[in-house]
Structures are given as C-alpha cells and as structure tokens.
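I have placed the structure first, in the form of structure tokens, so that the comments after it can refer back to it.
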Amino acid sequence: MLRPPRHLRRYREIVRILARHGFGDALSQLGIGRRLGLPVRLLRLDPADAEITRPARVRLALEELGPTFIKFGQIISTRPDLLPPEYITELSRLQDDVPPEPWESIKACLEEELGQPIDQVFTSFDTTPMAAASLGQVHAATLADGPEVVVKVQRPGIEHVIDVDLDILYDLARVAQRRTPLAQTYDLVEIAEDFAYTLRGELDYRREGHNADRFRGNFQDEPYLYVPQVLWDYSTRRVLVLERIYGIKIDDLEALDAAGCDRVEIARRSARMITQEILEDGFFHADPHPGNFVVMQDEVIGLMDFGMVGHLAPGDRND
C-alpha cells in the first residue's frame, strides 16, 4: 500500500495546478495521482492553455504555484545545460512581482526584529513598497541620524511556505529519479538539494549582507563599480537595511542616451566586472538581471541584491 506523502493538502494543490496546465501525463508516469488518492480523470484533463507552447505552459504553471516554484524556474533559466533553448527563453520571463504584504504585517515584523518602535529608528518610512516580490518587499526610509536607506523586509510566514514546498519538490525529485529517463542524464535529487540550499540561504538576510560586503571588498580598487553599504546596526535575519543609491536601470537604453551615458564604456565595465568575479575572485553575483544593476553618475555601475551568489574553486577557473 502506498504511503501518502507529507503536506497532503498542498501536494494535491500542486498536482491540480500542474494537471490544469497540461502536465497530467508526466504526473501519471510518476504515479503521483494514485499516491495522493486523486481521480484518474484529473490527470487526463486537456490543458486550459492548450493553444500556447509547452514551455509557456511551464512558466504559467510555475507562476501559479508561487514563490518556491518561481524561484526554481528563475534559477534553472540560467542553466542551458539542463533545458533546451526554448525553455530557457520562456523561463527567463518569469515574474516575481506580487501584491505587497499589508503594512500592519510588515510593521509588526520590523518592530519585532528591531526591538523598538519604527519611529525611534526612522524619521521617515514610506509604507508603500518600492518593490514587492515573493520572499519580501523593499521600502524607502530615512534613518534617525540622517542617511537615506532602503529596508528589505521578509514576508511573515514565508519560511513555512518555503519549507513545505521544498519537501514536496524533493519528494517529486526522488520519484522522478526512479521512474523517468531523466535519471540517466541528471541527478534530480542533487538538483533539488542544491536548490533548497540556495533558497534557504536567501531567507537569511544576514547572509545577503555579508555577500555584499565581500563583493565590495573584492572590488574596492575598482571605481567603476559601487555596492551600497549594509547598515548592520539595523539588519537582522529578516530585515536588511542598505544605503540607498540612485541611477538608471542598466537596460533602459533611452534613458541612458538621454543622460548622455557612454553605452560602450558601460559594456566594457560590465565585461570587466564579470571577468573579475568569475575568473579572478571565484565569487560571483548569481542573479544578474537588469533590475539589479543601475548606472550612476560617470557611468559607475551600482550593483544590488546579493541573495544569490556562486562560488568557483581555483580548478574550475583554470579549466
């Protein structure tokens, strides 16, 4: 007799979403429907979005499944060794923008982490977030002693959501490793474990702050790159306070031209940064999408968001 998995309600929700997007055949191959006690007809449904491509249906399914699966799609979109080009292209479009958390929840989290009322730490705090993503959201503020900052606050309860989904993802990987031809080429369990390690690392904002400090140190002699300072006196596991920097989004070509920026020089500096972080330092920014780069005065590149980083051993860099 099959033993039902943990987190049965969420497991069934995930399977229903995948089936609705046309992946019932893959789930049947894994024997998931029988294990969860779901009707066979559920896995035989025609996809609601049958007119679009299968890679697009993968993206839509991941978006509906929520933060854990969105992050998974974003990470594997950088792995052309794992997926065909059409899937890489589609998954690179994954959006992490979600409705913001209610202000009262964010305020409660902030005051719990800081151990004091907000108005004792900040002279101003914009309750409307600058950006809201799956794991947290970012607010503009001014510290009591003057500096403008951005405050990154983790969504309340997100760690439990992530833990449940990672358990399910790991279970799916184990079953797929036994029952699908993919096991002949990939270690699916190892991929799931690596992803879990990366995502759980993102949930500790102190780690992100230390990554930023290390990156800044590596480039301390390079005036073309700027990494904002971490305000450690106000940063915790769930709150990260950073110096606020201003600039033009690096892919906003029209705005760069209007500001008189030298795009060729920006490209050279970007290439130099990549060369150093990969080949010299072996410590690199692993989430290099345009939203994390701004062009400041004199074509200085401002770099943000060090939640995802990568490491290369000396041997890997020399090959």
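Since we're looking at a predicted model, the values are computed, not measured.
- The aromatic rings of Phe215 and His285 sit perpendicular to each other, their planes meeting at more than 60°, with 30° as the lower class boundary.
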Set out, in order, the CA-CA distance, both residues' side-chain angles and the distance that settles salt bridge (Lys or Arg N to Asp or Glu O under 4.0 Å) for Glu63 and Arg59, then state yes or no. CA-CA 6 Å; Glu63 287 180 340; Arg59 174 180 60 81; 3.5 Å; yes

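- Looking only at side-chain heavy atoms (C-beta outward), Phe195 and Lys71 come within less than 4.5 Å of each other.
- Proximity of Gln137 to Arg155: side-chain heavy atoms (C-beta onward) are separated by under 4.5 Å at one or more points.
- Contact check on Glu13 versus Arg10 returns a salt bridge, with a Lys/Arg side-chain nitrogen under 4.0 Å from an Asp/Glu carboxylate oxygen.
- Here the side chain of Thr89 pairs no donor or acceptor atom with the backbone of Glu86 at under 3.5 angstrom.
- Note on Asp281 versus Arg214: no salt bridge recorded, every NZ/NE/NH1/NH2 to OD/OE distance being 4.0 Å or above.
- With hydrogens and angles left out, the side-chain atoms of Tyr205 and Glu113 include no donor and acceptor closer than 3.5 Å.
- Between Glu265 and Arg269 there is a salt bridge, since a side-chain N of the basic residue sits under 4.0 Å from a carboxylate O of the acidic one.
- In this structure, Phe283 and Asn211 have side chains that are in contact, with non-hydrogen atoms separated by less than 4.5 Å.
- Both the sub-6.0 Å distance and the 45° axial angle are not jointly satisfied by Arg272 relative to the ring of Tyr224.
- A donor-acceptor pair is defined here as one N or O able to donate and one able to accept, closer than 3.5 Å; such a pair exists between the side chain of Arg216 and the backbone of Val227.
- With contacts defined as side-chain heavy-atom distances shorter than 4.5 Å, the pair Lys152/Glu208 qualifies.
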